[in-house]
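Notes follow once the structure below has been shown.
Counting starts at 1 for both ligands and their atoms, in listed order. As the structure is a prediction and not an experimental result, all values here were calculated from the model.
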Amino acid sequence: MSDLLAGLNPEQLRAVTWPAKSALVLAGAGSGKTRVLTTRIAWLLSTGQTSPAGVLAVTFTNKASREMQTRLSTLVPVNVRNMWIGTFHGLCNRFLRIHYRDAGLPQTFQILDSADQQAAIKRLLKSLELSDEKYPPRAVQSFINGNKEAGVRAESLPPALNPYEAKLVELYAAYDAQCRREGVVDFAELLLRSYELLSRNEALRAHYSSRFAHILVDEFQDTNRLQYAWLKLLAGEHGALFAVGDDDQSIYAFRGAEVGNMRALLSDFRVAEPVRLEQNYRSMGNILNAANSLIERNDGRLGKNLWTDAGEGEKIRFYQAGSDGDEAEFIIDEVKSLHREGLALSDMAVLYRSNAQSRLLEHVLVNAQIPYRIYGGLRFFERQEIKHALAYLRLVANPDDDNALLRVINVPARGIGARSVENLQAAGREQGVTLWQAACQSGGGRTAAKIGEFVLLIERLREQSRDFSLAETISLVIDRSGLRDMYEQDKKDGEERLANLDELVNAAASFMPDQPEQALTEFLSAASLEAGEHQADAGSDALQLMTVHAAKGLEFDAVFVSGLEEGLFPHENSVMDGKGLQEERRLMYVAITRARKRLYLSSAQSRMLHGQSRYPIPSRFIDEIPAELIHSLSATVKAPVAPQQARRAAAMPRRQAENAYGLSIGQAVSHAKFGIGVVIDAEGNGEDVRLQINFAEHGVKWLDMRYAKLSPA
Ligand code: ATP
Ligand code: MG
């Protein structure tokens, strides 16, 4: 017990041992909020104030909840696996699995991740004969999710202002009807459904609010309105909500997060004063001072003062690279030398603002043979082969899942062409049934026979799965569906894809369901919920790559913040308005405060992004850090380039390249994907060359010769 509390500072101790009532811990990065929250759970349990069943704890990511469970199990001897510790989505899923009947869901309901949801919307638009240019699926998706996150159903929306909006409302209702028919729910629906069930079912609400005497929430600044409303229902009249957060790290406003929830909590839960923690235990002084000076430029802050007694430490290193390739090389060289000095790769992280930046880094890392792991890139559960296998499994669990059926009815190819699928969809619409039901009734003819075979395949798999374990079922599905044969014949990526499928079988073998008879359904939900995050394998040492968003709550000895350029970080979509810029600044604050000992900032004077060359100027955020904290490492440019200088450089006529590829302006070339074109411009020199090519069919493009495979035509 005393061990548990040893080493806490007085404020942390006050928060950990707070009486059984609500509290808000408002404190900056690295001040021990997450530690306080975990220790409080341990303290509540070990002093017998509550049982493991009486605690509900919300974390922002699945990774964070696993870490919390692991840490908790080292502090108190309890079975943490059964505790309600998870993300909002994970907890709501658990709740709905128990109360599926009351929630009006089939027992085997499946979860749509964001990509599945978009596919479902596209399908809906098609069935209603609406153009997806006029109604971009992404826009429809964010309309639906935005409303769900605000707790509003289509029928309770205020009258539409114009015909376009009226159509969106109609689409929202039609989409929900489609989901109901198919027995699927999207992420936002998980929350809204649980919220609605709790608010209309008083007995259930009473049960849970008396059960969860202690509700604890990490990263509270990023909760949205619906999540907060859900917490309020669960806590009930007398419940204790213990929330920790940092308004300066609110980085999900674009997804509806409301910092205002912090103020609401103070009044709704009658909390007189937030508890503040001011000592930072994570970062050395220079890093902390950089973060403090940067964030001071934002207004409307709740105000905090962070200090450390760790000493100044090293200066922040800033490297201005000539190109993005040069930047990646620099980062990798530094990683290598830190690794040689004894730092584990897993104690280093490379952060970037946009996922697209990871491709080049990966390329260089592969060449340098440095193991790395990406969080939030193309994640395991989002890979094509995994999605195919999961789609078969979803059909085994629930054949009415139209998304899944469409995905694999002709994968591997079995002669059911697009036309046949359209006919099937038309038949389904006419009769108001799912595609599966339509398929079961499809009449005579050649295609019908093929559809019949598919139906038979799924039915057999469904039957056999009843006697098989989860892992056996997955192996069976991979073999019988023909996926294994298909990938065995794929000379290019087949091997890797098969390895991933085997990995899926392994994942199933080690999966521990709460209810064994529901193993498949539980496995599929876990896969959908994980799709938002990459599952890193435990144990092996690898450099960590992730977006700044994904880095929230984490810490590393050495951190590289890359791509610090105007237009990239701060992002171009944000710089036009003050609010957007302040959110970018908070994002930069999050990035800086991930570092314990060493922080690198870097930018490039030229960058290829989304197939275009850019000549950006360094990010304003670098200027917002006091110069005396920065040590500039640039090889070619001694001091950071002044914006004007860079602009001039960007405007200079491009030199004709003397390139190593033997291609000159005016020459006809051929590209595997874009076909035939003519070189119209060039820049760079040596091997670092970009050519501008006018392709007959694809128009003008800049290509980086290190990666583009061009041959003279
Ligand atoms: P963030 O805002 O980034 O989520 P946080 O406030 O949640 O940060 P923690 O991750 O809990 O901070 O703590 C930061 C680091 O400081 C951790 O390594 C933690 O173990 C350490 N730490 C926290 N409190 C103490 C303490 N009293 N003594 C020693 N180390 C501490
Ligand atoms: Mg934290």
Side-chain angles (χ1 to χ4, degrees), residues 2-17 23-43 57-68 70-72 74-75 85 87 216-223 242-252 257 259 262 274-285 287-288 290-292 294-295 301-302 304-311 313 346-347 349 351 544 546 548-559 561 586-597 599:
S2 54
D3 279 358
L4 199 62
L5 304 177
L8 297 173
N9 69 36
E11 284 308 302
Q12 289 178 328
L13 185 67
R14 193 162 85 94
V16 166
T17 58
L24 173 66
V25 177
L26 173 65
S31 58
K33 295 182 295 299
T34 303
R35 180 163 164 157
V36 159
L37 196 142
T38 313
T39 315
R40 175 163 172 83
I41 299 176
W43 178 77
V58 190
T59 62
F60 204 73
T61 60
N62 291 309
K63 184 173 191 295
S65 58
R66 279 191 293 270
E67 275 169 15
M68 187 170 289
T70 311
R71 178 140 178 88
L72 204 53
T74 65
L75 296 175
I85 298 178
T87 61
L216 303 97
V217 189
D218 198 3
E219 307 278 2
F220 184 70
Q221 76 280 356
D222 277 324
T223 49
F242 186 93
V244 309
D246 177 6
D247 57 316
D248 289 331
Q249 294 186 69
S250 154
I251 55 177
Y252 281 93
V259 190
M262 295 188 133
V275 179
R276 292 171 188 271
L277 313 174
E278 304 205 317
Q279 180 168 2
N280 173 298
Y281 290 94
R282 178 181 294 146
S283 309
M284 299 301 289
I287 296 173
L288 191 62
N292 283 341
L294 178 102
I295 201 66
R301 302 174 55 220
L302 297 177
K304 269 163 299 191
N305 192 14
L306 271 183
W307 59 274
T308 175
D309 63 9
S346 56
D347 282 332
L351 310 184
Q544 313 282 302
M546 67 196 84
V548 183
H549 279 103
K552 203 163 67 139
L554 306 179
E555 58 187 24
F556 308 91
D557 283 339
V559 169
V561 187
R586 290 194 292 272
L587 205 50
M588 180 68 177
Y589 175 78
V590 170
I592 295 177
T593 53
R594 299 309 97 198
R596 290 194 197 109
K597 298 186 185 131
L599 175 65

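Closest to atom 19 (C) of ligand 1 by heavy atom, among Glu219, Arg35, Glu67, is Arg35. Among Ser283, Gly553, Ala64, Gly32, the residue whose heavy atom lies nearest to atom 12 (O) of ligand 1 is Gly32. For atom 27 (N) of ligand 1, the nearest non-hydrogen atom from the set Gln12, Gln279, Arg282 comes from Gln12.
Distance from atom 16 (O) of ligand 1 to its nearest protein heavy atom, with residue and atom name: Tyr281 CB, 3.2 Å. The nearest heavy-atom contact from the protein to atom 5 (P) of ligand 1 is Lys33 N, 3.4 Å. Ranking protein heavy atoms by distance to atom 17 (C) of ligand 1, first place goes to Glu555 OE2, 3.3 Å.
When heavy-atom distances to ligand 1 are checked against a 4.0 Å cut-off, Lys552 has no atom that comes that close, whether in backbone or side chain.
Heavy-atom proximity to Gly7, at under 4.0 Å, picks out these atoms of ligand 1: 26 (C), 27 (N), 28 (N). Each of the following atoms of ligand 1 lies closer than 4.0 Å to a heavy atom of Gly28: 6 (O). The contact set between ligand 1 and Arg594, taken as ligand atoms under 4.0 Å from a residue heavy atom, comprises 3 (O).
For the pair Gly30 and ligand 1, the shortest N or O to N or O distance falls below 3.5 Å.
For the residue pair Val25 and Ala15, the shortest heavy atom distance occurs at CG2-CB, 4.0 Å.
The residues Asp557 and Arg596 are annotated as salt-bridged, a charged nitrogen and a carboxylate oxygen being separated by less than 4.0 angstrom.
Within the 3.5 Å criterion, the main-chain N or O of Glu278 finds no donor-acceptor partner in the side chain of Asn305. Side chain of Asn280 to main chain of Ala29: a donor-acceptor pair is present (N/O by atom type, distance under 3.5 Å, no hydrogens or angles).
Between Gln279 and Thr308, every side-chain heavy-atom pair lies at or beyond the 4.5 Å cut-off.
For Lys304, the NZ atom counts as densely surrounded, since its 6.0 Å shell holds more than 12 non-hydrogen atoms of other residues, nucleotides or ligands.
Remark: distances from the non-hydrogen atoms of Ser31 to ligand 1 include one below 4.0 Å.
Once rounded to the nearest 0.5 Å, the distance linking OG1 of Thr39 with CG of Leu8 reads 5.5 Å.
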